[in-house]
Amino acid sequence: MDDVLLPDPAVHVAGAQEIAPDLLVIPNRGIPLVPNIGIIGGTRAVLVVDTGMGTANAEQVLALASEVAKGRRLYLTTTHFHPEHAFGAHVFGAQATYLANRAQADDLRTKGPGYLEMFRGLGATVADRLDGDVRVPAPDLVYDGGYDLDLGGRTVRLRPTGRGHTKGDQVVEVPDAGVLFTGDLTETGQFAIFPWFPPHDTDVSGVGWLAVLERLAADGHRTVVPGHGDVGGPQVLADVRDYLRELRDETWRRRDSAMGENEIAAEVRALLIERHPEWIGQEWIERGVGCLCAEHAA
Ligand SMILES: [Zn+2]
């Protein structure tokens, strides 16, 4: 990346909003590399979903969670291993039990160090957030299958989705409130983030991701908290599903006629920008095309 400075990826905990009883979201306010963060309470315990990037952000999130918890036990989970979602978990240390699905724990172990180095190269604003004491976290408890976390009068469902935005995505569902945290399986106001960086990282699957969203969109969730962007209703899921379908269809149609990847990327990019002129993150379109070309049945 060139010397274009990204905005400081600062979490603003003062903006936390209660979207359901005892369920807060710290909105990302449209800042790149800041995720939406959840704080979900039951009578006995409180679960934090995602940490923000780096020590200072996570310290603020932990402080808010502790204030909300008022002595209730703390748990932490992360939606996937990407730095702005998980690379603050070291701050929670002994103060919270960090839970994660098996595939995400594997991602953290195998890919975490490389991502820490890569992100430290994204310019001073990001490097400052990931300075010396930040390390790739290891969950305290790794689960297989799904995990039902009883917070006291409220059970939260942690569910790995299978390969989508990453190999180890999980969603966090709060059934009594009708709320679903999707991590980066959904974003609003932007093109879906495809971390397709061959040969270093080719774990994202457009085909898998679409299948996940077709399933989630049929599940009747009332409130959806995307990884980045605005909290919304079931339309958040439907919109990303529809976008992934059109990205796949437009890519594969051209691939069927033996068009080269660069030409496909240029055409699909122009077409999708025309259809979604208000969306940011146009650089993710051609990465999505590259991923779907690789997944096209030869
Ligand atoms: Zn991500």
Side-chain angles (χ1 to χ4, degrees), residues 1 6 9 11 25-28 30-38 49-54 57-58 61 76-89 100-101 103-122 126 129-130 134 136-137 139 158-172 180-198 200-206 208-210 212-213 216 224-230 236-237 240 243-244 247 279-285 287-288 290-291:
M1 191 173 281
L6 290 160
V11 174
V25 170
I26 306 170
N28 82 326
I31 305 170
L33 298 179
V34 177
N36 288 313
I37 294 170
V49 180
D50 287 347
T51 65
M53 192 192 294
N57 278 328
V61 173
L76 169 68
T77 195
T78 50
T79 54
H80 61 298
F81 82 98
H82 284 158
E84 77 270 32
H85 298 269
F87 288 11
N101 50 309
Q104 180 180 179
D106 290 347
D107 276 347
L108 282 164
R109 198 184 63 250
T110 59
K111 297 171 66 178
Y115 265 71
L116 185 55
E117 282 320 299
M118 177 170 76
F119 270 62
R120 281 174 171 159
L122 292 181
V126 177
R129 292 282 171 186
L130 292 174
V134 173
V136 178
L158 309 183
R159 293 290 183 268
T161 60
R163 194 169 155 213
H165 171 73
T166 67
K167 210 190 272 183
D169 300 300
Q170 72 164 344
V171 295
V172 177
L180 182 74
F181 290 81
T182 68
D184 288 354
L185 290 163
T186 68
E187 299 94 12
T188 70
Q190 70 168 93
F191 293 96
I193 298 169
F194 271 78
W196 175 258
F197 301 107
H200 309 290
D201 189 349
T202 55
D203 283 346
V204 55
S205 166
W209 191 344
L210 176 56
V212 169
L213 281 182
L216 292 176
V224 178
V225 183
H228 302 267
D230 298 333
V236 172
L237 296 164
V240 179
Y243 168 71
L244 292 174
L247 179 67
W279 285 3
I280 62 169
Q282 296 173 353
E283 70 276 15
W284 298 115
I285 301 172
R287 298 205 173 274
C291 173

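Whatever order the structure lists ligands and atoms in, that order sets their numbers, starting from 1.
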Which N, O or S atom of His80 lies nearest to the Zn ion (ligand 1), by name: NE2
All ring-ring contact (aromatic ring centres under 6.0 Å, His included) counterparts of Trp279, not counting sequence neighbours: Phe191, Tyr243, His276
Asp50 side chain to His85 side chain, donor-acceptor N/O pair below 3.5 angstrom: yes
Vertex the Zn ion (ligand 1), rays to NE2 in His165 and OD2 in Asp184 - rounded to 10°: 100°
Of all N/O/S atoms in His82, the name of the one nearest the Zn ion (ligand 1): ND1
Verdict with supporting geometry, Asp201 and Lys111, salt bridge (Lys or Arg N to Asp or Glu O under 4.0 Å): CA-CA 9 Å; Asp201 189 349; Lys111 297 171 66 178; 2.9 Å; yes
Single hit among Asp184, Asn101, Thr161 for side-chain hydrogen bond (donor to acceptor under 3.5 Å, both in side chains) with His80: Asp184
